[in-house]
Colleague: 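Got a structure for you, questions after.
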Amino acid sequence: MHSKGNNQCLLFTLVLGLLGGAGHCYVVEPPIVHVEMEKAGMHRTLNYRLRFDIPLVGKDCEYALVQDLPASVYISTDELDDLQRLKRLNAIYPKFVNIEVATERAQPFSVLLRGTPKITESLALPVHFRYHAPSDKRLAATVAIPLPELYLNCPMADSALIENELVARPDKLYCLNAPESRFDENHIKDGQPTTMANLERCNWRRVHVDCQLKMPLRAEIPVGHASAYGPVLCGTILLGWSLALWTIIHSMANTRRINQRLNEQRLLQQKVK
């Protein structure tokens with residue numbers, strides 16, 4: 001009888017332990033990001049579908065999806081401004097991007113897509129590919145777009161939501177550098193005011209993310225043949241001059257025809273009188 005009672009006590013203790021531990025063993029899963037590049041040609045769209053684990057949803061946290069773009073890719077700031085005005089995009093990007101410069105003279109940059117964690121959310125970023133300088137060695141250039149990185153920022157009271165297992169570098173905090181559209185490591189400087197705005201701006205953490213791709217984020221961009229530059233230039237000049245001469249001759253012929261018709265009408269009017 002005594003043994004049976006001990007067994008029941010042990011079983012009861014084990015059940016309580018399991019139930020008590022169940023509330024503390026939940027680990028927040030890394031966010032999932034599906035990335036797909038639509039369309040063909042020089043103008044495309046990067047589509048993202050984000051999924052966050054339930055503990056991060058409904059809180060006052062904020063995320064920033066950082067998409068690095070190589071020099072061979074550019075954005076139209078006017079296009080993104082319109083999307084922001086229509087509330088179809090919330091992003092940080094350079095205020096000016098030279099869309100006419102060739103790839104060899106362009107610089108890489110980043111675009112930050114911002115939002116609050118939701119169970120699922122879709123984002124779209126229009127991008128455009130630059131032309132490359134002519135070459136004798138290749139007819140096309142392969143442009144690869146890197147995978148995005150994800151940063152999270154939660155208020156001080158909810159900072160425990162971003163668990164160490166979720167953070168890529170637990171020992172690092174990052175500051176949002178909006179004018180440069182990037183994140184910088186948080187290095188505390190002497191005399192820097194510890195205001196709430198500074199604390200929140202520099203409380204970002206880079207987290208692990210499960211990136212899933214349908215196809216590699218690559219594009220084949222045609223490259224002109226360098227040796228064809230001379231013939232193409234001469235042909236363009238000859239064609240331009242030929243079109244100009246044809247336009248002049250055609251205009252003069254039309255002028256003579258119009259004058260001839262006017263003279264015929266004058267002669268008819270004189271005969272009528």
Colleague: For the atom pair NZ (K214) and CG (N47), what is the distance rounded to the nearest 0.5 Å?
Modeller: 10.5 Å
Colleague: Report yes if the side chains of V167 and I162 come closer than 4.5 Å at any heavy-atom pair, otherwise no.
Modeller: yes
Colleague: Any luck finding a side-chain donor-acceptor pair between R256 and N259 under 3.5 Å?
Modeller: no
Colleague: May I ask you to decide if C154's main-chain N or O and N203's side chain share a donor-acceptor pair within less than 3.5 Å?
Modeller: yes
Colleague: Does the pair E121/R49 count as a salt bridge with the N-to-O cut at 4.0 Å?
Modeller: no
Colleague: With a 4.5 Å limit on heavy-atom distance, are the side chains of T116 and V57 in contact?
Modeller: no
Colleague: Would you compute the distance between atom NZ of K59 and atom CG of L152 and round it to the nearest 0.5 angstrom?
Modeller: 14.0 Å
Colleague: Apply side-chain hydrogen bond (donor to acceptor under 3.5 Å, both in side chains) to S72 and list each qualifying residue two or more places apart in sequence or on a separate chain.
Modeller: none
Colleague: If you take all heavy atoms of G41 and F129, which pair is closest and at what distance?
Modeller: O-CD1, 4.1 Å
Colleague: Any chance you could lay out the side-chain contact (heavy atoms from CB on, under 4.5 Å) test for N186 and D184, step after step, and finish with the verdict?
Modeller: CA-CA 6 Å; N186 182 13; D184 299 324; over 6 Å; no
Colleague: Where do T77 and P94 come nearest, in terms of heavy atoms and distance?
Modeller: CG2-O, 3.4 Å
Colleague: Is a side-chain N or O of T103 found less than 3.5 angstrom from the main chain of A71, in a donor-acceptor match?
Modeller: no
Colleague: Kindly check if the number of other-residue, nucleotide or ligand heavy atoms within 6.0 Å of CD (E185) is above 12?
Modeller: yes
Colleague: Indicate if L125 and I92 have the same hydrophobic cluster label, given that clusters are the connected sets of ILVMFWY residues with side-chain heavy-atom separations under 4.5 angstrom.
Modeller: no
Colleague: Going by distance alone, is a donor N or O of one side chain under 3.5 Å from an acceptor N or O of the other, for H208 and E165?
Modeller: no
Colleague: Between the side chains of Q67 and Y48, is a donor N or O closer than 3.5 angstrom to an acceptor N or O?
Modeller: yes
Colleague: Is the number of heavy atoms from other residues, nucleotides or ligands within 6.0 Å of CZ (R51) greater than 12?
Modeller: no
Colleague: For R261, enumerate each residue passing the side-chain hydrogen bond (donor to acceptor under 3.5 Å, both in side chains) test, keeping only those at least two apart in sequence or located in another chain.
Modeller: none
Colleague: Nearest 0.5 angstrom please: I221 CD1 to L139 CG, how far?
Modeller: 14.0 Å
Colleague: Does the E62 side chain pair with the main chain of R114, one donor and one acceptor, at a distance under 3.5 Å?
Modeller: no
Colleague: I'd like to check V66 versus P148 (side-chain heavy atoms, cut-off strictly below 4.5 Å). Are they in contact?
Modeller: no
Colleague: Mind checking whether K172 and R206 have side chains closer than 4.5 Å, heavy atoms only?
Modeller: no
Colleague: Considering non-hydrogen atoms only, spot the tightest contact between P31 and L166 and give its length.
Modeller: CD-CD1, 4.0 Å
Colleague: Answer yes if L113 and Y74 sit in the same cluster of Ile, Leu, Val, Met, Phe, Trp and Tyr residues linked by side chain heavy atoms under 4.5 Å apart, and no otherwise.
Modeller: yes
Colleague: Could you tell me whether the side chain of M215 reaches within less than 4.5 Å of the side chain of E36, counting heavy atoms only?
Modeller: no
Colleague: Does any N or O in the side chain of R130 come within less than 3.5 Å of the main-chain N or O of V101, such that one atom is a donor and the other an acceptor?
Modeller: yes
Colleague: Please answer: with hydrophobic residues joined when any side-chain heavy atoms are less than 4.5 Å apart, are L150 and L173 in the same cluster?
Modeller: no
Colleague: Can E38 and R44 be counted as an ion pair, charged N to O under 4.0 angstrom?
Modeller: no
Colleague: Check the hydrophobic clustering (I, L, V, M, F, W, Y; side-chain heavy atoms under 4.5 Å; chains of links allowed) and say if L112 and V207 are grouped together.
Modeller: no
Colleague: Answer yes or no: is there a side-chain heavy-atom contact under 4.5 Å between L80 and L83?
Modeller: yes
Colleague: Start with the C-alpha distance between L50 and T120, add both sets of side-chain angles, then the distance that settles side-chain contact (heavy atoms from CB on, under 4.5 Å), and finish with yes or no.
Modeller: CA-CA 5 Å; L50 284 71; T120 58; over 6 Å; no
Colleague: If I compare all heavy atoms of A91 with all of V111, which pair ends up nearest, and what's the gap?
Modeller: CB-CG1, 4.4 Å
Colleague: Please identify which of these residues, Y63, Y174, W204, meets the ring-ring contact (aromatic ring centres under 6.0 Å, His included) condition with Y151.
Modeller: Y174
Colleague: Check this for me: I119, atom CD1, are more than 12 non-hydrogen atoms of other residues, nucleotides or ligands nearer than 6.0 Å?
Modeller: no
Colleague: Would you mind reporting whether N254 and S251 have side-chain heavy atoms less than 4.5 Å apart?
Modeller: no
Colleague: Any chance you could measure I32, atom CD1, to Q212, atom CD, to the nearest 0.5 Å?
Modeller: 5.5 Å
Colleague: Supply the atom-to-atom distance F96 CZ to N98 CG, rounded to the nearest 0.5 angstrom.
Modeller: 4.5 Å
Colleague: Nearest 0.5 angstrom please: L69 CG to I145 CD1, how far?
Modeller: 6.0 Å
Colleague: If you look at every heavy atom in P117 and C61, which pair is closest and at what distance?
Modeller: CD-O, 3.4 Å
Colleague: Hey, does E149 have a side-chain heavy atom less than 4.5 Å from the side chain of V209?
Modeller: no
Colleague: Is it true that Y93 and F183 fall in one hydrophobic cluster, defined by side-chain heavy atoms closer than 4.5 Å?
Modeller: no
Colleague: In terms of side-chain heavy atoms, does Q84 have a donor or acceptor partner in D82 at a distance below 3.5 Å?
Modeller: no
Colleague: Show your working on side-chain contact (heavy atoms from CB on, under 4.5 Å) between F109 and I75 and close with a plain yes or no.
Modeller: CA-CA 10 Å; F109 62 94; I75 57 170; 3.9 Å; yes
Colleague: Short question: side chain of D53, backbone of E29 - any donor-acceptor pair under 3.5 Å?
Modeller: yes
Colleague: Could I get the full list of side-chain contact (heavy atoms from CB on, under 4.5 Å) partners for T142, not counting sequence neighbours?
Modeller: R218, E220
